[in-house]
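Because only heavy atoms are used, hydrogens play no part in the values below, and waters and symmetry mates are left out as well, while side chains stay in. Here is how names work: the chains are called A, B, and so on, in the same order as the sequence lines, proteins then strands, and each is numbered from 1.
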Amino acid sequence: MEEFSLRTLLAVFEEMFGAWLFWALVAVAVVFTLAWLYVLIRDRSLSFRKYLVAQISMPFGAVAAVAFVLWVTNSRLRDIGGPIDWLVLLGVAALGAVGLSIVVYVLQSLGRGAPPSQS
Amino acid sequence: MTHSLDLSTTRRGFLGLAAGGAALGALAGPARAQRVRSSARIVILGAGAGGAGMANRLAARLDGAQITVVDGRAQHWYQPGFTLIASGLRPASYAISGTGDWLPSGVRWVQDYAAEIDPEANRVTTLGGERLDYDYLIVATGLTLDWDAIEGFSLDLVGPEHGVSAHYASPEYAVKSWHALDRFTDRGGVGLFGRPATEMKCAGAPVKIMLIAEDIATRKGNRDRCEFIYNAQAQNLFGVPVIHHRVRQIMDERAIEYCYQHVLKSVDPGRKVATYTTPEGEEEKPYDFINVVPPQRAPQAVRDSGLSWADRWTDQGWIEVDMATLRHARYSNVFGIGDINGVPKGKTAASVKFHLPVVEDHLIAELQGREGTRSFNGYTSCPLITRIGRAMLVEFDYNDNLTPSFPGIVAPLEELWISWLMKEIALKPTYNAMLRGLA
Ligand SMILES: Cc1cc2nc3c(=O)[nH]c(=O)nc-3n(C[C@H](O)[C@H](O)[C@H](O)COP(=O)(O)OP(=O)(O)OC[C@H]3O[C@@H](n4cnc5c(N)ncnc54)[C@H](O)[C@@H]3O)c2cc1C
């Protein structure tokens, strides 16, 4: 594509979702990522138990993201053709998995407050 | 048991993230070129894909110029969406917006059509009689669909009752065309498809709608009751040889019949028979469903203006611009953008995206007393939908070379889901960004 730049990409995403929704989604993603960093720093550790629960949520995030994308795009799994299609689909699944796990981790951490200090 | 993560790791990760962000920022490329002072009077004919995009680009680049856009249509049509509408995947509203919504402030919109263009006197006169003098003229009127050239045809026939589809006509006709297609794929029968002998916009569109129709019939379990026949105007199914072979292969695989050198001459809606001109004389074909794509020509005002080629496409009237610079060959203050250009390829919205920076460059350079440097290589692209959920992202240039945007990643002749995603979700946002002058 001609003049393909980050600005073009942002313009395309703004058009895709509408500028407000797009930046709201970006904001939500940023807020959860920051919240995640915040609880990591606050707790000074990655809680294995919360991490485990978050991990259990990952397959659900992956499947939900893939199902959602297929639904929105009038597609079915049999439409997946070449390697790039698989990569994109895996990317969607990975985003769904990681996204949901971060959300779950953050919600657990914020819901329970800081853990008692530990060695 | 708690698994501890050293804080320093997190910090390092954070720094890494920041570095990544900076790298992404660098990708954004140089900021928009500097604004140029000018008092030039610039008239843009047409506010479609090319006209609206140009108005926004020039408004962003020029200070003090008087930019006038002439277009009588209140609605802006996103035409690549017509295919999705005619396939039952989108409502008419998907392709409709307001012309005024795309025009920047500071640009004057004359809501009327050009009736007379006089490149000798540098003047455009509208249907309503308003006279617009210009220093530079940008012709972006698109093309006219010549429905009358097909005997017996009328847009009133479009819909399930007569089994007629004409999705090129408008968003509303694309909806009626879908109802016709829906009924045909329910009941079965013979479906005729094809393209005109003139140049046309999006030459892949007649093929797409047929492949989609075949897919829909298959999904409904009615494939064995439907017959599909594609009537090509030339000795090939697509003008670019390598794409022709691929399309033929797909049609063979899916048991779709095709004929060469068959040009639709007339339809008889009473008998449901279409007549084609062939090298062996006229041939009648009965149908239950027919998709009509009419001959396409420059609008009459352009054909009367003296801007057209005198010795090429004389029955169609495309304007005589340089293949590379898109500047008129005889009137150096006239440029063409989009479907109106008399160049061998490039009647797609994707080509408009490549026309825009070229014309902007040459026009602005001239205002600055320089020579422009950019050129158009014939880039034409058409996401050739092969079934709902899959497409081939075919892109090519003047030399019939494939020019993939994502070489090594998105194979042009492979039926891919990602190519479908581009057509289904990414194309309209990209098109809109182009209208705003941002892509
Ligand atoms: C069914 C279909 C499917 C398509 N699919 C694709 C696709 O998948 N990909 C792709 O890239 N392209 C596709 N296209 C082609 C694409 O829509 C056109 O190539 C593109 O719109 C051309 O832009 P343009 O500015 O030249 O003309 P247009 O967008 O048609 O705009 C022309 C404007 O000029 C105005 N006008 C006309 N006469 C006058 C006059 N005398 N005075 C003033 N104004 C006038 C009209 O009102 C109109 O607003 C498709 C087209 C159709 C019909």
[atom1]-[atom2] distance between [X] and [Y], expressed to the nearest 0.5 angstrom:
{"X": "A:D79", "Y": "B:S419", "atom1": "CG", "atom2": "OG", "result": "12.0 Å"}
{"X": "B:R390", "Y": "A:S75", "atom1": "CZ", "atom2": "OG", "result": "10.5 Å"}
{"X": "A:T73", "Y": "B:I388", "atom1": "OG1", "atom2": "CD1", "result": "11.5 Å"}

Go through B:L416, B:I425, B:L421, B:I418 and name the one with the most non-hydrogen pairs under 4.5 angstrom from chain A.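 It is B:L416.
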
Which portion of B:E415 sits near chain A, non-hydrogen atoms under 4.5 angstrom: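 Just the backbone, heavy atoms under 4.5 Å.
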
Which atom pair, heavy atoms only, marks the closest approach of A:V72 to B:E424?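 Smallest heavy-atom distance, with atoms named: O-OE1, 3.9 Å.
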
Under 4.5 Å between any side-chain heavy atoms of [X] and [Y], yes or no?
{"X": "B:F406", "Y": "A:I84", "value": "no"}
{"X": "A:R76", "Y": "B:R219", "value": "yes"}
{"X": "B:W417", "Y": "A:L77", "value": "no"}
{"X": "B:R387", "Y": "A:R78", "value": "yes"}
{"X": "B:E414", "Y": "A:D85", "value": "no"}

Are more than 12 heavy atoms from other residues, nucleotides or ligands located less than 6.0 Å from atom [atom1] of [X]?
{"X": "B:Y398", "atom1": "OH", "value": "yes"}
{"X": "A:W36", "atom1": "CH2", "value": "no"}
{"X": "B:Y94", "atom1": "OH", "value": "yes"}

Cut-off 4.5 Å, heavy atoms of chain B, and the answer for A:L89 is both

